[in-house]
Amino acid sequence: MDIINKSEVGTRVRQLRLLNNYTQSEFAELLDISVTFLSEIENGKKGLSQETLARICTNLHVTADYILFGTETPKASLLELSNALSVEELETTIHYLAALIDMKKMKP
C-alpha cells in the first residue's frame, strides 16, 4: 500500500492551480515541467520529484504536508494563530511560555 495517494495529490494540485487562476500551460512553465507531465500529476498517473514538489509549494503558497497528505504542519497552524492574535496577546503568550521553559529547566 502506498503512503501517498497520487490521485489525491493530483486533485489538490489541480484545485490549488485553479484557485490561483493558472492555466495548465502557465503553471507548467512556472514549475519548469511540460504540460503533459503536469496533466499526468493532476490525474494521479505520475508522482513528482522533491524539486517539483518544492516548486508547487512555493508557487501555490502551501506546505508539502498539504500537497502530499491534505494536512497542514503545526508551524502553519502557529502562523495562522499568530495572525489571529494581537501583539499584546502574542507577547503575553511568549512570556508565559518562557516561564514554563524556566520552570522545566529547574526540575531535576
Side-chain angles (χ1 to χ4, degrees):
M1 180 178 148
D2 291 333
I3 293 175
I4 298 172
N5 184 319
K6 290 182 207 169
S7 179
E8 291 176 6
V9 168
T11 297
R12 284 189 284 276
V13 171
R14 180 184 308 108
Q15 288 172 340
L16 288 168
R17 173 181 61 78
L18 293 171
L19 189 64
N20 284 273
N21 296 314
Y22 289 123
T23 65
Q24 274 191 332
S25 179
E26 292 167 337
F27 197 53
E29 188 174 330
L30 281 174
L31 301 179
D32 197 28
I33 61 174
S34 71
V35 174
T36 301
F37 186 52
L38 177 58
S39 177
E40 290 173 330
I41 291 170
E42 289 184 354
N43 288 308
K45 295 179 181 176
K46 296 277 182 165
L48 40 132
S49 69
Q50 291 174 351
E51 189 171 322
T52 301
L53 175 61
R55 287 183 184 143
I56 288 170
C57 293
T58 299
N59 285 288
L60 296 178
H61 311 288
V62 295
T63 64
D65 280 347
Y66 181 76
I67 294 295
L68 296 175
F69 307 109
T71 58
E72 289 295 329
T73 62
K75 186 176 181 181
S77 298
L78 286 174
L79 181 59
E80 290 171 10
L81 177 61
S82 72
N83 288 334
L85 298 174
S86 70
V87 172
E88 293 80 19
E89 291 169 323
L90 282 172
E91 288 174 343
T92 301
T93 303
I94 289 168
H95 291 297
Y96 176 75
L97 291 172
L100 286 175
I101 291 169
D102 288 342
M103 287 173 45
K104 191 81 167 170
K105 287 179 181 177
M106 285 190 225
K107 277 191 169 180

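In this model, a donor atom of one side chain and an acceptor atom of the other lie less than 3.5 Å apart for Arg14 and Asn43.
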**Request:** Kindly indicate, with the supporting measurements, whether the criterion side chain to side chain contact (heavy atoms under 4.5 Å, CB included) is fulfilled by Phe27 and Asn20.
**Result:** CA-CA 10 Å; Phe27 197 53; Asn20 284 273; over 6 Å; no
**Request:** Could you please spell out the steps behind the side chain to side chain contact (heavy atoms under 4.5 Å, CB included) verdict for Arg12 and Val62?
**Result:** CA-CA 11 Å; Arg12 284 189 284 276; Val62 295; over 6 Å; no
**Prompt:** Does the pair Leu48 and Val9 meet the rule for a side chain to side chain contact (heavy atoms under 4.5 Å, CB included), with working shown?
**Reply:** CA-CA 10 Å; Leu48 40 132; Val9 168; 4.0 Å; yes
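Other residues, nucleotides and ligands place no more than 12 heavy atoms under 6.0 Å from the CD atom of Glu29.
Atom OG1 in Thr11 sits 6.0 Å away from atom CD in Gln15 (nearest 0.5 Å). Here the CG-OG distance, from Leu30 to Ser25, works out to 10.0 Å after rounding to the nearest 0.5 Å. Rounding to the nearest 0.5 Å gives a distance of 8.0 Å between CD of Glu51 and CG of Asp32. Remark: Ile4 CD1 to Leu53 CG distance equals 8.5 Å, nearest 0.5 Å. Note that OH of Tyr66 is 5.0 Å distant from CG of Leu16, once rounded to the nearest 0.5 Å. With rounding to the nearest 0.5 Å, the separation of CD in Glu8 from CG in Leu68 is 11.5 Å.
By the 4.5 Å heavy-atom criterion applied to side chains, Phe69 and Ile3 are counted as neighbours.
In plain terms, the two heavy atoms of Arg17 and Leu38 that are nearest each other are CD-CD2, 4.2 Å.
For the side-chain contact (heavy atoms from CB on, under 4.5 Å) with Ile56, the qualifying choice from Asn59, Thr58, Thr52 is Thr52, the only one to do so.
In this structure a side-chain-to-backbone donor-acceptor pair under 3.5 Å is present from Thr93 to Glu89.
Note on Leu19 and Val13: same hydrophobic cluster, where clusters join Ile, Leu, Val, Met, Phe, Trp and Tyr whose side-chain heavy atoms are under 4.5 Å apart, directly or indirectly.
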